[in-house]
Amino acid sequence: MNVATRRLATTAVRSPTAAPRRFLSSSNMPPITLQQIETRWPRLPEAERGAIADVLHEAQKGDWKKMSMEQKRAAYYIAYGAYGPRTGPNPASKYKIATWTTIFVSAAITGSILWKKYVIPDLPTMTKEWKEAEAQIALERRVDPFSKEYKEYAKKQEALKKAAAQPATE
């Protein structure tokens, strides 16, 4: 006979003249086992959890000095214990999260590389010849006169002018 059945059996029979009572005295029913409640609590059926919580709630209404140490431990665990939403994360879940994160990030990087390589066409402005012609036009228009490339270009232009001027004087 489980605890919920015991509780229901003892509280179901009431006389209409008696004052309403939630529980009969604990001497009429066998005591609820509270040993190792921390390990058993997550696996207990919901009805038995409710019965244990109700019994402990009634016991807490009285003098706490009369409660046994097991009752105090069980009441504290039910109120503040690490079960349900208060349980910590599973230690193995961090490896699972790291693995899936690595898989998705590597898939995203691979997809991005493949997309750029095979789907997006090569633009004519990205070829080597186009870049060289673009740099030549920038030098001729003196876009950045303080760069090293411009100084070299200016020296070449000066040398070409000197070379062109020398045969004319001869």
Side-chain angles (χ1 to χ4, degrees), residues 2-8 32-60 64 67 69-170:
N2 69 17
V3 176
T5 308
R6 285 185 293 185
R7 185 175 142 250
L8 292 174
I32 296 174
T33 305
L34 297 176
Q35 277 89 21
Q36 299 176 347
I37 193 74
E38 295 88 1
T39 58
R40 292 185 310 123
W41 187 261
R43 294 187 313 268
L44 287 176
E46 191 66 33
E48 194 166 344
R49 284 188 197 176
I52 291 172
D54 288 343
V55 168
L56 289 173
H57 182 69
E58 288 298 319
Q60 290 176 18
W64 276 55
M67 288 176 63
M69 184 56 77
E70 288 296 322
Q71 287 177 324
K72 290 178 187 177
R73 288 182 68 205
Y76 180 83
Y77 181 77
I78 291 170
Y80 305 108
Y83 65 91
R86 289 184 292 241
T87 55
N90 185 0
S93 67
K94 64 181 173 183
Y95 299 115
K96 191 175 186 180
I97 291 169
T99 302
W100 282 107
T101 302
T102 304
I103 289 170
F104 285 122
V105 168
S106 61
I109 290 171
T110 304
S112 175
I113 290 170
L114 293 175
W115 181 267
K116 287 180 181 178
K117 187 172 184 179
Y118 295 112
V119 176
I120 298 176
D122 288 337
L123 301 175
T125 59
M126 300 304 285
T127 61
K128 185 178 178 184
E129 295 83 16
W130 188 283
K131 292 284 184 183
E132 289 173 355
E134 189 178 41
Q136 185 65 29
I137 292 171
L139 288 174
E140 290 172 0
R141 292 183 183 171
R142 298 182 184 176
V143 173
D144 187 11
F146 302 107
S147 68
K148 179 181 176 184
E149 291 85 10
Y150 180 74
K151 288 180 184 177
E152 292 172 359
Y153 173 75
K155 284 182 185 177
K156 285 181 185 177
Q157 291 298 324
E158 211 172 292
L160 288 175
K161 283 183 185 178
K162 284 183 185 178
Q166 284 180 358
T169 56
E170 291 182 10

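Computed from heavy atoms alone, side chains included, the values below leave out hydrogens, waters and symmetry copies.
The 12-atom threshold is not exceeded at CD of Gln36, counting heavy atoms of other residues, nucleotides or ligands nearer than 6.0 Å. The environment of CZ in Arg86 is crowded: more than 12 heavy-atom neighbours from other residues, nucleotides or ligands sit within 6.0 Å.
Asn90 contributes atom CG, which lies 11.0 Å from atom OH of Tyr95 (distance to the nearest 0.5 angstrom). Here OH of Tyr83 is found 11.0 Å from CG of Leu44. Values are rounded to the nearest 0.5 Å. Note that CD of Glu38 is 9.5 Å distant from CD1 of Ile78, once rounded to the nearest 0.5 Å.
Lys94 and Pro91 make their closest contact through CG-O, 3.3 Å (heavy atoms, listed as atom of the first residue, atom of the second, distance). Heavy-atom minimum distance, Leu34 versus Ala74: CD2-CB, 4.1 Å. Here the closest heavy-atom approach between residue Lys72 and residue Trp64 is recorded as CE-O, 3.1 Å. Summarising the geometry of Gln60 relative to Ala75, their closest heavy-atom pair is NE2-CB, 2.7 Å, with the distance given to 0.1 Å. Contact record, Ile52 with Trp41: CG2-CZ3, 4.0 Å, taken as the closest heavy-atom pair. Summarising the geometry of Gln71 relative to Leu56, their closest heavy-atom pair is O-CD2, 3.7 Å, with the distance given to 0.1 Å.
Tyr118 places no side-chain N or O within donor-acceptor distance of the main-chain N or O of Ile113, the cut-off being under 3.5 Å. A donor-acceptor contact shorter than 3.5 Å is absent between the side chain of Ser112 and the backbone of Ala108. The backbone N or O of Gln35 lies less than 3.5 Å from a partner atom in the side chain of Arg40, making a donor-acceptor pair.
Between Arg73 and Tyr76, every side-chain heavy-atom pair lies at or beyond the 4.5 Å cut-off.
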